Amino acid sequence: MYTGDMERKRKIAIQKVWNAIKEHNGQTLLSTGITGDDARLAKAVTDVGVKMLEPNHPAVALARGHKGVDNMDGAEHVRHEVELSEMAKVVKGTRAVIGEEPFITVGIPGGFTETKPVPLDDEDFYNISLAGADGLHTHKCDIRDLEKIVQKAHHYGLLVDAYIAHPDDKHPFGLPAKTPEEVASTAKRMEEVGVDMIGLMTGMSYGGVAAGEIHDDIKERLQALVSAVSVPTLAEGGINLKNFKAFKKTGVDILVVGTSIDHMVEKAAQDVVTEFLK
């Protein structure tokens with residue numbers, strides 16, 4: 001693979017991210033869940049200003065009803081069974097609908113801390129990049145595994161966003177860091193190995209973020225992350241319309257929102273159908 005071409009591809013991708021942050025006054029939205037795995041809804045949200053999207057394999061497992069799962073917790077246990085070719089199709093279709101400008105980062109089997117071995121070959125990175133992805137959305141729990149993914153992803157022109165999680169989280173969604181000090185040191189290490197965007201899981205250990213406020217532990221951990229690195233930062237988990245404004249003062253660059261939007265879309269569909277059936 002041509003080094004210069006792929007470096008240029010990554011530069012264009014990271015500029016998309018910084019442009020989105022700037023356009024939205026210092027904090028932008030990464031829309032995921034149903035808006036990432038359904039091209040119609042991806043277009044709907046990008047039409048009103050979303051600049052960043054994230055299809056991922058657990059959301060696709062849920063959307064397809066894989067093995068009968070009907071909630072995200074169940075989908076997390078079977079996500080590794082989603083074919084990588086399916087994720088490439090999702091990305092390709094979404095890209096064809098939304099155009100070249102929005103940033104797409106994609107979660108793929110093998111990119112998370114999977115419950116079963118899911119090897120990733122050069123061809124997999126190539127195919128995801130060719131489908132139209134700008135980056136890989138990862139949740140590895142070991143810095144050695146994460147570094148391998150970064151090297152391969154960069155080789156094929158993909159950025160990598162990776163996460164820090166609390167050791168007591170329900171699912172292993174990132175490198176473990178318990179204290180703010182550990183968050184800062186872990187984030188610095190991630191930046192050193194080439195991670196392009198670094199996120200913090202904010203809704204897995206604390207029962208979600210309370211309405212209108214951020215749990216003190218989350219606030220301290222977010223502040224530690226933001227102050228430790230120069231790359232774009234993300235917050236993911238438990239963010240909704242009732243509490244998202246509380247994140248404004250944390251300095252985090254990107255809010256990752258999926259479940260909240262999913263629930264509103266589901267409720268809207270139910271309300272319309274209820275009217276028809278009256």
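Quantities reported herein were computed from a predicted structural model and do not represent experimental measurements.
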So, the side chain of [X] versus the backbone of [Y]: is there a donor-acceptor pair under 3.5 Å, distance only?
X    : Y    : answer
E220 : T179 : no
R221 : L200 : no
E182 : K178 : yes
T138 : D161 : yes
S227 : Q223 : yes
D121 : E123 : no
S260 : V257 : no
T233 : D253 : yes
D196 : V160 : yes
N243 : I239 : no

With D5, which residues qualify under salt bridge (Lys or Arg N to Asp or Glu O under 4.0 Å), at least two apart?
->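 Scan of D5 (salt bridge (Lys or Arg N to Asp or Glu O under 4.0 Å), adjacent residues dropped) gives none.
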Salt bridge (Lys or Arg N to Asp or Glu O under 4.0 Å) partners of D134, counting only residues at least two apart =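 By the salt bridge (Lys or Arg N to Asp or Glu O under 4.0 Å) rule, D134 matches K16, R95.
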Any ion pair linking [Y] and [X] (charged N to carboxylate O, less than 4.0 Å)?
X    : Y    : value
D38  : R40  : yes
R189 : E192 : yes
E76  : R79  : yes

Do other residues, nucleotides or ligands put more than 12 heavy atoms under 6.0 Å from R8 CZ?
->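 Open: at most 12 neighbouring heavy atoms sit under 6.0 Å from CZ of R8.
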Residue K9 excluded, over 12 heavy atoms near NZ under 6.0 Å |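 Yes, enclosed.
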Do you know which two heavy atoms are closest between [X] and [Y], and how far apart they sit?
X    : Y    : result
Y163 : L234 : OH-CD2, 3.4 Å
V91  : P55  : CG2-CG, 4.4 Å
A13  : L159 : CB-CD1, 3.7 Å
A133 : V106 : CB-CG1, 3.9 Å
A187 : A228 : CB-CB, 4.4 Å
I164 : A177 : CG2-CB, 3.6 Å

Kindly indicate, with the supporting measurements, whether the criterion salt bridge (charged side-chain N to carboxylate O under 4.0 Å, His left out) is fulfilled by E275 and K278.
-> CA-CA 5 Å; E275 285 298 313; K278 278 184 177 179; 2.9 Å; yes
H137 and N56: CA distance, side-chain angles, deciding distance, side chain to side chain donor-acceptor pair (under 3.5 Å) verdict = CA-CA 8 Å; H137 172 75; N56 61 64; 5.3 Å; no
Just do the side chain to side chain contact (heavy atoms under 4.5 Å, CB included) check on T35 and V50 with the steps written out, would you?
-> CA-CA 10 Å; T35 56; V50 165; over 6 Å; no
Apply side chain to side chain donor-acceptor pair (under 3.5 Å) to Y156 and D122, showing your working.
-> CA-CA 8 Å; Y156 290 97; D122 279 52; 2.9 Å; yes
With the 4.5 Å side-chain cut-off for hydrophobic clustering, are L225 and V193 part of the same group?
->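 Yes, it is one cluster - the side chains of L225 and V193 are joined through contacts under 4.5 Å.
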Distance in Å, D262 CG paired with K267 NZ, rounded so as to fall on 0.5 Å steps |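 Atom-to-atom, D262:CG and K267:NZ are 15.5 Å apart.
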Aromatic contact, H171 with F112 (centres under 6.0 Å) =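 No, too far apart.
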Do S230 and E191 meet the criterion of a side-chain donor-acceptor pair at a distance under 3.5 Å?
->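 S230 vs E191: donor-acceptor pair found between side chains.
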Testing L146, T113, I198 for side chain to side chain contact (heavy atoms under 4.5 Å, CB included) with L175, which one passes?
->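 It is L146, the one option of L146, T113, I198 that forms the side chain to side chain contact (heavy atoms under 4.5 Å, CB included) with L175.
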Sole candidate of K51, M197, E54 that passes side chain to side chain contact (heavy atoms under 4.5 Å, CB included) when paired with L30 |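 Single pass found, and it is E54.
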Among K140, H57, H80, which residue meets the side chain to side chain donor-acceptor pair (under 3.5 Å) test with E114?
->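 One option only clears the test, and that one is H57.
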Intermediate values then yes/no, side chain to side chain donor-acceptor pair (under 3.5 Å), T28 and E23 = CA-CA 8 Å; T28 194; E23 182 174 336; over 6 Å; no
